[in-house]
Amino acid sequence: QVELVETGGGLVQPGGSLRLSCAASGSIFSINAMAWYRQAPGKARELVANIITTGSTHYVESVKGRFTISRDNAKNTVILQMDSLKPEDTAVYYCNAVLRERLWTASRDYWGQGTQVTVSS
């Protein structure tokens with residue numbers, strides 16, 4: 001079994017920073033990609049940023065230049081550094097990993113439980 005555990009959410013004022021961390025544990029053979037998604041009330045879940053094994057990254061346009069995703073492959077951990085936060089960044093943030101549990105199994109998606117990020121004065 002695989003578990004993704006997120007930490008680091010909370011309340012921050014506009015312009016502030018937060019750092020989200022997600023650690024994957026359990027039966028893991030390899031991780032293809034890790035990502036952060038978010039879902040605001042009444043809206044669909046959206047991809048915020050992802051990073052693949054080579055280190056290549058992708059960001060949604062609204063967070064470019066403000067958020068940075070990084071990954072520690074040895075620790076199966078992904079970090080989202082969020083700077084210059086805006087009220088519209090308020091959402092539940094979910095960690096995602098596309099991984100294989102065994103050499104002979106197909107890759108599939110795994111999700112964390114979500115962590116609330118609130119940007120408000």
Side-chain angles (χ1 to χ4, degrees):
Q1 293 185 353
V2 174
E3 184 178 28
L4 273 59
V5 178
E6 301 129 334
T7 57
L11 173 65
V12 64
Q13 293 186 342
S17 297
L18 280 176
R19 182 180 173 93
L20 304 183
S21 178
C22 172
S25 63
S27 176
I28 299 172
F29 174 75
S30 65
I31 300 179
N32 300 334
M34 299 189 81
W36 289 94
Y37 286 72
R38 66 186 179 187
Q39 187 166 20
K43 295 187 177 181
R45 188 175 297 190
E46 68 168 348
L47 174 65
V48 176
N50 67 6
I51 183 168
I52 63 175
T53 307
T54 60
S56 178
T57 59
H58 167 79
Y59 297 90
V60 67
E61 191 65 33
S62 60
V63 308
K64 285 182 179 178
R66 301 188 297 120
F67 290 12
T68 303
I69 190 170
S70 60
R71 179 174 164 181
D72 184 334
N73 291 331
K75 296 181 179 180
N76 293 333
T77 298
V78 64
I79 304 292
L80 185 67
Q81 177 65 41
M82 305 185 293
D83 299 317
S84 303
L85 282 160
K86 303 176 180 180
E88 50 264 43
D89 295 318
T90 295
V92 178
Y93 284 69
Y94 296 91
C95 176
N96 168 269
V98 179
L99 62 86
R100 285 184 177 185
E101 291 191 44
R102 297 283 187 268
L103 172 62
W104 55 86
T105 59
S107 295
R108 51 160 288 193
D109 281 286
Y110 292 83
W111 294 89
Q113 78 284 358
T115 185
Q116 178 69 46
V117 171
T118 302
V119 185
S120 175
S121 55

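These numbers come from the heavy atoms of this one structure, side chains and all, not from hydrogens, waters or symmetry mates.
Side-chain atoms of Gln1 and Tyr110 form no donor-acceptor pair, as typed in the model, at a separation below 3.5 Å.
Annotation for Leu47 and Val60: closest pair O-CB, 3.4 Å, computed over non-hydrogen atoms. Listed here is the closest heavy atom pair of Asp89 and Ser84: OD2-O, 4.5 Å. Across all their heavy atoms, Asn32 and Ser107 have their closest contact at ND2-OG, 2.7 Å. Closest non-hydrogen pair, Gln113 versus Val5, comes out as OE1-CA, 4.1 Å. Smallest separation of non-hydrogen atoms from Gln116 and Thr90: NE2-CG2, 4.0 Å.
Within a 6.0 Å radius of NZ in Lys64, other residues, nucleotides and ligands contribute more than 12 heavy atoms. For Glu88, the CD atom sits in a packed shell: over 12 heavy atoms of surrounding residues, nucleotides or ligands are nearer than 6.0 Å.
There is no path of hydrophobic side-chain contacts, each under 4.5 Å, that joins Trp36 to Val98.
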Run the ring pair (Phe, Tyr, Trp, His ring centres under 6.0 Å) check on Phe29 and Trp104 step by step: do they pass?
CA-CA 10 Å; Phe29 174 75; Trp104 55 86; 8.2 Å; no
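Relative to the six-membered ring of Tyr94, Arg45 meets both conditions, a distance below 6.0 Å and an angle of at most 45° to the axis.
Using cut-offs of 30° and 60° for the angle between ring planes, the Tyr93 and Phe67 rings count as tilted.
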